[in-house]
Structure formats: C-alpha cells, structure tokens
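Just so you know, ligand 1 is whichever comes first in the structure, and atom 1 is the first atom listed for that ligand.
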Amino acid sequence: TDFQTILTETDGRVAVITLNRPKALNALNTELMGEVVGAVRAFDADPGIGAIVITGSEKAFAAGADIKEMQEKDFADVVTEQFFVAWDELTRARTPIIAAVSGYALGGGCELAMLCDIIIAGENARFGQPEINLGVIPGIGGSQRLTRAVGKAKAMDLILTGRQMKVDEAEKLGLVSRVVPTEEVVSTAREVAATIASKSFIASSYGKEAVNRAFESSLTEGVRAERSLFYSLFATADQTEGMSAFAEKREPNFLHR
Ligand code: HXC
C-alpha cells in the first residue's frame with residue numbers, strides 16, 4: 001500500500017503496524033496519525049484479522065507529537081483543526097490492539113501506547129509526559145488515561161515534572177502488561193496477538209469492551225454491562241463450539257466472525 005510514515009504487514013490473523021519516521025524518532029505528525037488511524041480502521045473491518053500490533057523502532061516507539069509541526073500552530077489553528085482528535089478513533093476499534101514498546105514512549109508516544117489495550121515493553125523502554133517542558137500539557141488523553149492507569153500521585157509527578165520513567169517503575173505501577181528483553185518485544189507482542197486472534201472474535205472484542213467499561217462507568221453499571229455482554233455470548237456459535245470442544249477434549253474451531 002501507499003503509506004508514507006508507517007509499514008503494515010499481516011501474518012495469519014495478526015496485523016502489524018510499524019511507525020516509520022526513524023529520522024524524527026517516530027514523532028507523531030498529522031500524516032502519521034491519519035495513516036495509523038486509517039490502517040487500524042481497515043484492519044478492524046477485516047474479518048481475517050483478530051488482533052493488531054502497533055510498534056516503532058528499537059530506539060523509539062514514538063518521541064511524541066511532532067514538535068516541529070506543532071510549533072507553528074496557534075490557538076485558533078488547534079481549535080479549528082481539532083488538532084489530534086482523530087486519535088480518538090482508536091478507541092472505537094473492536095479488535096484488541098497491542099503496543100510493542102521499545103525505547104522512547106514520550107508525550108503523544110506514551111499516550112498512543114495507552115490508547116492500546118495491552119502494552120508489551122522492552123527493558124530499554126522509557127515512558128513520560130514531557131509536554132510541560134514545552135509549555136503545554138498532554139493532549140491525546142494522557143492526563144486522563146495515565147491517571148486512571150497509575151493513580152493521582154504518580155500521574156501528577158510525571159505530568160508536572162516531565163521526567164522519564166524507566167520500565168521497572170512503569171511495570172510496578174501497572175502501566176505495562178509485560179516486560180521482556182528489548183530484542184524480544186516485537187516477537188512477544190506478535191505471539192500475544194496470535195493467541196488473542198485464535199479466540200472467538202466476538203468474545204475477545206466483548207472482553208475488551210467489558211474491561212474498558214471499568215474505566216468509564218461505576219461498578220454497578222460496569223457489572224450490568226458485563227452481564228449483558230456475557231449473556232449475549234450464549235447466542236453465538238463460538239460459545240457452542242468452545243464448550244463442546246472442552247467436553248469432547250479437543251481444540252475449539254472458532255468461526256471468529
Ligand atoms: C519532532 C523530534 C521529536 C518530536 C525527536 N525529534 N523528538 N522531532 N518532534 N517530538 C527529532 C529531533 O529533532 C532530531 O531531529 C531527531 O528526532 C533525533 O532526536 P535527538 O533529540 O537528536 O535524539 P536524542 O538526543 O537521542 O534524544 C531523544 C529524545 C529527544 C530524548 C527523545 O529527541 C526529545 O526530548 N524529544 C522530544 C520529546 C518530547 O518532548 N515529546 C513530547 C512532545 S509534545 P534533527 O532533525 O534535529 O536531527 C506531545 C504533545 C501531545 O507529545 C499532545 C498533542 C496534542
């Protein structure tokens with residue numbers, strides 16, 4: 001395909017999107033945002049795809065929004081353009097998305113990782129929200145998602161000082177799902193994605209939706225939502241197949257969707 005700032009590839013039911021602006025440490029400009037969002041939208045609509053991996057390079061997952069592009073903008077520009085609002089579309093994907101993070105995940109890079117459902121990080125990963133050093137604050141959901149992920153104490157510390165956090169701290173805080181040697185980040189993410197993609201798509205997408213409800217609603221409402229998703233899965237052929245396979249001591253053969 002004719003992308004300029006990303007590479008895309010599929011391997012069975014797994015799609016891999018690689019951010020590819022190496023000279024700018026994968027800084028997230030408008031073009032890259034459009035390409036990532038477009039690729040995710042297309043993979044999400046593809047019944048042959050059951051999980052998506054988003055990754056960068058070994059040095060940088062993404063060093064943030066493109067400062068050189070942002071530098072020229074004023075208040076009227078960012079308001080009228082709805083600058084970076086398109087990233088919100090990632091939250092509407094039903095397909096589980098895994099961020100495979102090596103090196104810098106700063107500013108918008110950290111926010112992009114947090115827009116994903118699972119973060120697999122390498123030992124060299126560095127997370128941070130350094131926008132304060134530029135006279136601004138996170139603008140792709142970071143002040144909200146980081147706070148929900150790690151709590152007020154750490155979110156205030158990171159967002160107000162702009163410091164970088166090493167992977168041990170990020171893991172201890174529960175920001176990342178797994179830490180692996182840097183050279184194994186992408187292969188591990190692909191394995192996790194392949195595992196997820198082998199399940200019933202309806203069940204994995206409902207599982208994702210149910211967990212996300214925990215961030216967006218009260219416990220009572222979340223449990224109610226879970227129950228209705230859970231009950232509705234009993235209308236699927238994949239539930240029949242999954243439970244029959246267990247009873248017959250064989251591997252399930254899910255329809256996916
Ligand atoms: C544009 C960037 C960039 C960025 C790096 N580059 N980060 N360009 N936007 N966010 C470019 C550099 O200008 C340089 O290009 C090249 O990438 C290599 O970077 P160096 O700084 O030479 O590398 P290094 O010394 O290894 O330092 C790495 C780094 C540093 C610590 C990650 O680059 C850095 O601090 N970057 C900015 C991080 C940041 O502040 N991110 C938050 C952005 S604000 P040239 O051409 O000069 O060689 C944000 C807001 C989100 O994300 C909300 C928006 C709505």
**Fill in**
Residues Ala113 and Phe61: closest non-hydrogen pair is N-CE2, 3.8 Å
**Request:** Establish whether atom 33 (O) of ligand 1 and some protein heavy atom are separated by less than 4.0 angstrom.
**Result:** yes
**Item:** Side-chain donor-acceptor contact under 3.5 Å, Glu35 with Thr5
**Value:** yes
**Request:** Out of Leu134, Val78, Val85, Ile67, indicate the one that has the non-hydrogen atom closest to atom 37 (C) of ligand 1.
**Result:** Ile67
**Message:** Give me the atom names and distance for the closest heavy-atom approach of Glu171 to Val176.
**Reply:** CA-CG2, 3.6 Å
**Prompt:** Would you say Lys23 and ligand 1 have an N/O pair spaced under 3.5 Å apart?
**Reply:** yes
**Request:** Among all protein heavy atoms, pick out the one at the shortest distance from atom 42 (C) of ligand 1; state its residue, atom name and that distance to 0.1 Å.
**Result:** Pro130 CG, 3.7 Å
**Prompt:** For ligand 1, does Ala63 get within less than 4.0 Å through its side chain, its backbone, both, or neither, judged by non-hydrogen atoms?
**Reply:** both
**Fill in**
Quick note on ligand 1: atoms under 4.0 Å from a heavy atom of Lys59 include exactly 23 (O), 24 (P), 26 (O)
**Message:** Contact between Met70 and Asp66 at the side-chain level, heavy atoms closer than 4.5 Å - yes or no?
**Reply:** no
**Item:** Min N/O separation Gly108 to ligand 1 under 3.5 Å
**Value:** yes
**Asked** Atoms of ligand 1 less than 4.0 Å from Ala27 heavy atoms?
**Response** 1 (C), 4 (C), 9 (N)
**Request:** Find the distance between OG (Ser228) and CG (Leu233) and round it off to the nearest 0.5 Å.
**Result:** 9.5 Å
**Prompt:** Within the structure, does at least one protein heavy atom fall under 4.0 Å of atom 22 (O) of ligand 1?
**Reply:** no
**Asked** Heavy-atom distance from atom 15 (O) of ligand 1 to the protein below 4.0 Å?
**Response** yes
**Prompt:** Any idea which protein heavy atom is nearest atom 6 (N) of ligand 1, and the distance to it?
**Reply:** Ala24 O, 3.7 Å
**Prompt:** Backbone or side chain, does any N or O of Glu111 fall under 3.5 Å from an N or O of ligand 1?
**Reply:** no
**Request:** Decide salt bridge (Lys or Arg N to Asp or Glu O under 4.0 Å) for Arg21 and Glu31; before the verdict, give the C-alpha distance in whole Å, the side-chain angles of both, and the deciding distance to 0.1 Å.
**Result:** CA-CA 11 Å; Arg21 297 187 69 212; Glu31 184 181 24; over 6 Å; no
**Message:** Looking at every non-hydrogen atom in both residues, tell me the closest pair between Met165 and Leu175 and how far apart they are.
**Reply:** CE-CD2, 3.9 Å
**Request:** Among all protein heavy atoms, pick out the one at the shortest distance from atom 19 (O) of ligand 1; state its residue, atom name and that distance to 0.1 Å.
**Result:** Leu25 CD1, 3.6 Å
**Message:** Between ligand 1 and Ala65, is the shortest N or O to N or O distance under 3.5 Å?
**Reply:** yes
**Complete:** Output for pair (Thr147 OG1, Ile159 CD1), nearest 0.5 Å, gives 5.0 Å
**Identity and separation of the nearest protein heavy atom to atom 53 (C) of ligand 1** = Gly139 N, 3.3 Å
**Nearest non-hydrogen protein atom, atom 54 (C) of ligand 1** = Phe84 CD1, 3.6 Å
**Asked** Can you tell me how far the CG atom of Leu112 sits from the CG atom of Leu106, to the nearest 0.5 Å?
**Response** 12.5 Å
**Request:** For residues Arg213 and Ala225, report the shortest heavy-atom separation together with the two atoms involved.
**Result:** NH1-CB, 3.2 Å
**Item:** Close N or O approach (Tyr104, ligand 1; < 3.5 Å)
**Value:** no
**Message:** List ligand 1 atoms under 4.0 Å from Leu106, heavy atoms only on the residue side.
**Reply:** 32 (C)
**ligand 1 contacted by Gln129 (non-hydrogen, < 4.0 Å)** = no
**Message:** I'd like the name of whichever of Lys68, Met70, Lys73 reaches closest to atom 12 (C) of ligand 1 through any heavy atom.
**Reply:** Lys68
**Request:** Specify the closest pair of heavy atoms between Ser204 and Ile196, including all atoms of both residues, with the distance to one decimal.
**Result:** CB-CG2, 4.3 Å
**Asked** Any side-chain heavy atom of Phe215 sitting closer than 4.5 Å to one from Arg145?
**Response** no
